[in-house]
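Right, one structure below, let's go through it.
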Amino acid sequence: MLDWFLDFIHNGSPAAVGIITIALMLICGFALTRLTRLLKLPNVTAYIITGILIGPYCLNLVPSAVTDNTGFLPDIALAFIAFSTGQFFRLNALKGNGMKVLIITILEACVASVFVFIATYYILRMDFAFSCVLAALASATAPASTMMTIRQTGAKGDFVNTLLQVVALDDVVGLLAYSIAISIALATSISGTGSGFDIKNVIFPLLINLASIITGALLGVIPEKRSKDNKLILSVAILFGFCGICQILGVSPLLGCMFMSTVYINITNDDNLFKQLNSFSPPILLLFFVRSGVCFDLGALTGSHASSGSVSLLMLGVVYFLIRILGKYVGAFLGCFITHKDKLVRNYLGLALIPQAGVAIGLAELGARTLGGETGSALRTVILASSVLYELIGPASAKISLSLSHSYDNTATDDAKPKLNPKDEEKLMVNLLIERIREIQSEIPQHELQPAFYDSQATQPIQRHLHSPR
């Protein structure tokens, strides 16, 4: 039966194969969330496992042509994620908390990179330049699974706000660290193409990313006075076009998309667009994570290369996986301690920074193309393998940290309401009351006799007319 189904999928017309495979990925991803929901695991974990199960190493239900022709999915999915993250960078909120978040972000990113460099270069005795690039990639944190876990649990509060801002700024630090590390790799001739240190290898990536930020900020001036549907269409078109241009230039669209939404939210103070995009993006995110699981190459882990000496890529991946977790936790703890953050934020923020996928994978692909040869292949393999593991345990760790920090009610279902302090709860009740009053007002029919009860020149009631001289 399975052989017949495989032949049916793989031997159909290209259009039919693509449509059926996408439907299969969506259905299987959704079906497995029913199981992970019983185990109290986030949906992202189900999506990654689904990709591995239907991939070439298990059931082989996804033709290679589909994965090859859907290479745009990671860029599109990450663009939506970055755009959604940018809404939390309101200037009024950053004025009081911005410097603290910056300190926490720099420490958690840099400490993780330092730990990985020490482990790979001094302990495993790997190549210096290769250790620099791998350490730089360790600083990146994936916002996708964290965002989806927060959305699934409905978590709110200072812990969530700090986490989202740290994750967003983390990509800035990661891109800067990668730009410096790749210049060191080229300067030390790790790929055999460098001829010495060249300042252009540092300046050019920075200028490209700066241009991406400026362009994204300019595109963030999306006209507010548009209908609901037209605003969604225009926003999706801008995101798609911006991603395409960034792909041509070989630069990540994340920073530009974040600044795009940051400019938009600070100009308009309108979050309706983000609600629309959050309703539009779940199928895209599902396909992105399932495809990541499908593309995972188990066979490449058994080999080694010159830069790692006698250390196998499997051993290297395990060391990188564990040391990065330790570095993220220690760095986040120190950052929160220095900035006098609440004890709950300080103790559990590091657990929510474990996921790593989109940015790291994108930078690894770029680094693999730049370095080339066995070094580039090894870099891609280690990052992909560890990213799959991070996405398996990362969302669960993020959910645990949200629970331990009391950011949501873990005794309720997936539709749980977040725990609020008395002031926030009072504000929420007032807002709900105002919304209910407006709904009632909109349902009251406007009768033509109404002007007889009110003065057209003022808002005084009928008593004014009753006491006027006849």
Side-chain angles (χ1 to χ4, degrees), residues 101-143 146 163 166-188 190 201-202 205-206 209 252 254-255 307-308 311 316-338 349-368 370-371 375-376 378-387 389-390 394:
V101 171
L102 182 61
I103 293 173
I104 296 172
T105 304
I106 293 176
L107 283 175
E108 60 88 10
C110 292
V111 171
S113 295
V114 171
F115 276 26
V116 170
F117 178 78
I118 292 174
T120 54
Y121 181 67
Y122 288 103
I123 298 178
L124 298 181
R125 302 293 180 180
M126 297 179 59
D127 185 274
F128 173 78
F130 181 83
S131 299
C132 286
V133 177
L134 189 63
L137 295 179
S139 63
T141 300
T146 302
L163 172 61
V166 167
V167 169
L169 286 176
D170 188 88
D171 292 331
V172 179
V173 178
L175 288 171
L176 292 176
Y178 170 80
S179 300
I180 297 173
I182 199 68
S183 67
I184 295 175
L186 293 174
T188 54
I190 188 173
N201 295 328
V202 179
L206 294 179
N209 283 287
S252 172
L254 291 181
L255 291 178
S307 295
S308 62
V311 179
L316 174 59
V318 171
V319 171
Y320 173 81
F321 176 79
L322 296 176
I323 295 299
R324 179 183 171 273
I325 293 176
L326 179 62
K328 284 288 182 179
Y329 185 86
V330 173
F333 186 92
L334 290 176
C336 293
F337 180 79
I338 293 174
L349 182 63
L351 292 176
L353 299 175
I354 291 177
Q356 182 183 52
V359 177
I361 292 175
L363 293 178
E365 290 291 339
L366 182 59
T370 304
L371 301 177
T375 300
L379 183 67
R380 181 192 296 113
T381 300
V382 171
I383 294 299
L384 284 175
S386 59
S387 294
L389 295 178
Y390 283 132

Side chain to side chain contact (heavy atoms under 4.5 Å, CB included) involving I325 - partner list, sequence neighbours excluded: F321, I354, Y390, I393

Say you draw a straight line from [atom1] of [X] to [atom2] of [Y]; how long is it, rounded to the nearest 0.5 Å?
X    : Y    : atom1 : atom2 : result
L334 : I106 : CG    : CD1   : 13.5 Å
I103 : I338 : CD1   : CD1   : 7.0 Å
Y320 : L124 : OH    : CG    : 14.0 Å

Step-by-step side chain to side chain contact (heavy atoms under 4.5 Å, CB included) determination, V382 to L137: CA-CA 11 Å; V382 171; L137 295 179; over 6 Å; no

Output a table of donor-acceptor pairs, distance under 3.5 Å, between side-chain atoms of residues 109-120 and any protein atom two or more places apart or on a different chain; print 'none' if there are none.
residue: S113; atom: OG; partner: A109; partner atom: O; Å: 3.2
residue: S113; atom: OG; partner: A135; partner atom: O; Å: 2.8
residue: T120; atom: OG1; partner: V116; partner atom: O; Å: 2.8
residue: T120; atom: OG1; partner: F117; partner atom: O; Å: 3.3
residue: T120; atom: OG1; partner: S131; partner atom: OG; Å: 3.4

Criterion side chain to side chain contact (heavy atoms under 4.5 Å, CB included) on L353 and L163, from CA distance to verdict: CA-CA 8 Å; L353 299 175; L163 172 61; 3.7 Å; yes

Where at least one partner belongs to residues 324-336, residue pairs that pass salt bridge (Lys or Arg N to Asp or Glu O under 4.0 Å), sequence neighbours excluded: E108-K328, D170-K328

[X] and [Y]: which non-hydrogen atoms are nearest, and at how many Å?
X    : Y    : value
V166 : T105 : CA-OG1, 3.5 Å
C336 : L349 : SG-CD2, 3.6 Å
A352 : P355 : O-CD, 3.6 Å
S139 : G174 : OG-CA, 3.3 Å
A136 : A181 : CB-CB, 3.6 Å

